[in-house]
Amino acid sequence: QVHLVESGGGLVQAGGSLRLSCAASERTFSTFAMGWFRQAPGKEREFVAATTWSGGITYYADSVKGRFTISADNAKNTVYLQMNSLKPEESAVYYCAAKGSWYQIQLQRNYDYWGQGTQVTVSS
């Protein structure tokens, strides 16, 4: 059983930055790909970004391209999400997730493991 623990959320003003972290208990074939999702109150959970532990592949939702950067630190079993130029509408609980392949990486139903989430609040 893989455990994922997110951290780094908090309150930030619009235009500000935050870096989220996701620590994985292990890296196995079942955690080949790591993704970030977010869910705002009353809305469905949506894909944000994904990468592999090798860092060779990354994929972003159009809404965050150019502002968010996903990266992985194999030595620390940790995936990061650097978020810049944050907008109030991006206030949400951000979740880290893991899956065993890159197939349909943006679909949450394909992920096997999820963290508990970390709250990000962007004030206007």
Side-chain angles (χ1 to χ4, degrees):
Q1 182 74 12
V2 176
H3 296 283
L4 305 174
V5 180
E6 303 97 331
S7 60
L11 175 63
V12 64
Q13 289 188 334
S17 298
L18 279 176
R19 189 178 78 157
L20 305 183
S21 300
C22 172
S25 58
E26 58 185 292
R27 284 188 293 117
T28 70
F29 66 91
S30 62
T31 62
F32 170 80
M34 300 294 293
W36 284 97
F37 291 77
R38 64 189 179 191
Q39 187 168 22
K43 295 188 177 181
E44 292 188 355
R45 191 175 300 184
E46 64 174 358
F47 171 79
V48 176
T51 189
T52 61
W53 286 107
S54 69
I57 308 173
T58 57
Y59 184 66
Y60 297 92
D62 288 343
S63 60
V64 306
K65 282 181 181 176
R67 298 185 298 116
F68 289 15
T69 302
I70 189 170
S71 61
D73 186 332
N74 288 2
K76 296 182 178 180
N77 280 8
T78 300
V79 174
Y80 302 98
L81 184 67
Q82 177 67 43
M83 306 185 295
N84 299 329
S85 302
L86 282 161
K87 307 173 183 178
E89 56 266 35
E90 294 181 308
S91 296
V93 177
Y94 283 69
Y95 296 92
C96 174
K99 66 193 296 288
S101 73
W102 194 253
Y103 178 69
Q104 294 185 332
I105 194 69
Q106 76 279 15
L107 298 183
Q108 59 173 315
R109 66 171 182 260
N110 294 332
Y111 285 77
D112 299 310
Y113 303 102
W114 291 84
Q116 82 289 350
T118 185
Q119 177 71 48
V120 172
T121 303
V122 185
S123 62
S124 56

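Here the structure is a predicted model, which means the values were calculated and not measured.
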Problem set entry | Nearest heavy atoms of Tyr95 and Gly115, plus distance in Å | CD2-O, 3.6 Å
Exercise. If you round to the nearest 0.5 Å, how far is CD of Glu26 from NE2 of His3?
Worked result: 8.5 Å
Exercise. How close do Tyr111 and Ile105 get, heavy atom to heavy atom, and via which atoms?
Worked result: OH-O, 2.6 Å
Exercise. How would you list all residue pairs meeting side-chain hydrogen bond (donor to acceptor under 3.5 Å, both in side chains) that involve residues 12-21, not counting sequence neighbours?
Worked result: Ser17-Asn84
For this session: Specify the closest pair of heavy atoms between Gln108 and Trp114, including all atoms of both residues, with the distance to one decimal.
Result: O-CZ2, 3.6 Å
Problem set entry | Shared hydrophobic cluster, Leu81 / Trp53 (ILVMFWY, side-chain heavy atoms < 4.5 Å) | yes
Exercise. Does Cys96 offer a backbone N or O that forms a donor-acceptor pair with the side chain of Glu6 under 3.5 Å?
Worked result: yes
Exercise. Should Leu18 and Trp36 be regarded as members of a common hydrophobic cluster, given that ILVMFWY residues are connected when their side-chain heavy atoms come within less than 4.5 Å of each other, either directly or indirectly?
Worked result: yes
Problem set entry | Rounded distance (nearest 0.5 Å) linking atom NZ of Lys43 with atom CZ of Arg38 | 9.0 Å
For this session: Taking all heavy atoms of Leu4 and all of Met34, pick out the closest pair and write down the distance.
Result: CD2-CE, 3.9 Å
For this session: Give a yes or no on whether Val93 and Leu11 share a hydrophobic cluster (residues Ile, Leu, Val, Met, Phe, Trp, Tyr; joining criterion: side-chain heavy atoms under 4.5 Å apart).
Result: no
For this session: Give, for atom OG of Ser63 and atom CD of Glu89, the distance between the pair rounded to the nearest 0.5 Å.
Result: 9.5 Å
Seminar exercise, completed: Shortest non-hydrogen pair, Ile57 vs Trp102, comes out as CG2-CZ2, 3.1 Å
Exercise. Are Tyr80 and Val120 grouped together when hydrophobic residues (ILVMFWY) are joined by side-chain heavy atoms under 4.5 angstrom apart?
Worked result: no
Exercise. For the atom pair CG (Leu20) and CZ (Phe68), what is the distance rounded to the nearest 0.5 Å?
Worked result: 8.0 Å
Problem set entry | Any residue meeting salt bridge (charged side-chain N to carboxylate O under 4.0 Å, His left out) with Arg67, in chain and number order, not counting sequence neighbours | Glu90
For this session: Please state whether the rings of Phe47 and Phe37 are parallel, tilted or perpendicular, taking 30° and 60° as the class boundaries.
Result: perpendicular
Problem set entry | More than 12 heavy atoms of other groups within 6.0 Å of Tyr113 OH | yes
For this session: Look only at the side chain of Ser91 and the backbone of Val122, and say whether a donor-acceptor pair between them is shorter than 3.5 Å.
Result: yes
Seminar exercise, completed: Tyr94 and Val48 have their tightest heavy-atom pair at CE2-CG2, 4.4 Å
Problem set entry | Gap separating the CZ atom of Phe29 from the NZ atom of Lys99, nearest 0.5 angstrom | 13.5 Å
